Amino acid sequence: MAKRMIAALLAVLAVATPAAAQQLTNVQRDAAIQFALNNTRHTMLHEIGHLLVDQLDLPVLGREEDAVDMMATLLMLDTGTEADVIGLQDTIDGWRYSESFRPSRGYVNSAFYGAHSLDIQRSYAMACLMVGSDYERHTQYATRISLPIDRQKSCAEDYRIAERGWSMVLDPHRRQGAPASDVTVQYRDTRGQYPEAQALLEQAQVLEQYADWVAKNFVLPNPVQITAENCGEVNAFYDLETREVILCYEWVDFFYELYVSDIMPVREHFEMMRKLKLEKLGRVE
Ligand SMILES: [Zn+2]
């Protein structure tokens, strides 16, 4: 098998409400775009994690899918801007809400024997690394998504172990003055089914930014490629044979629609409640 799947979300695609059917304000549309791009950014780093494991022949102790999730999260925590923190929170929400699409009868066995942890576990693992990296900064958020304080406190050790492991395996491959690695970008199926998703990726230069980051930071033994294409499913892959990270346009589209159909109503409700509470207290923002 050349391809590794990040998640089997195909079944949920049909459930999402088509965003096109709804009239969004500019603010709502911008928020949906940011949400989709934030989830895509973490996914890109996850797939680049698979690429680095393969190309740099890195040892992986434990499940690779969990390990590259950790790498993606650690990298975003490492830069640690407000945009990175919001990006991580959006990714956590993405996993939490995709979990809610599961059929009411519960999990099927494939959820347990699959290569990935359950979506809800992936979301808590990310939150644990966040609060483990900086308790003061992230405890309020971790509490809001019901990560108990006892667990939050033990997450410092999860973070320390993960950070130490990834630094040890990646540091020997840092570029340090060597010529930049050969990382190309390609958009396939440019007249495909998802022109909006493609336009979002191109405008935000998501593929280009990560290609540049890999090229400038690591010495790779072979040329590699970062590709966006129509896949016929909601997914993202690293292809071992072609040495290619493949992001499906469907992935971007899925998270845009997930935001509009499920997350936006909840966030807008909480924002309204927050404002009402402030008004009651006689405060004006
Ligand atoms: Zn993966």
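Start at 1 and go down the list; that is how both ligands and their atoms are numbered. Scope of the values below: all heavy atoms of this structure, side chains included, with no hydrogens, waters or symmetry mates. Predicted, not measured: the structure shown is a model, and the values here were computed from it.
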So, is Glu65 placed with an N/O/S atom under 2.8 Å from the Zn ion (ligand 1), counting both backbone and side chain? yes

Confirm or rule out an N/O/S atom of His116, from backbone or side chain, lying less than 2.8 Å from the Zn ion (ligand 1). no

Report, rounded to 10°, the angle at the Zn ion (ligand 1) between the two atoms NE2 (His50) and NE2 (His46). 100°

Quick one: sort the Phe35 and Phe255 rings into parallel, tilted or perpendicular, breaks at 30° and 60°. tilted

Quick one: list whatever passes side-chain contact (heavy atoms from CB on, under 4.5 Å) with Glu268, sequence neighbours left out. Gln28, Met264

Those residues that, when tested against Phe270, pass side-chain contact (heavy atoms from CB on, under 4.5 Å) (two or more places apart): Val266

Is the closest side-chain donor-acceptor distance between Tyr194 and Asn230 under 3.5 Å? no

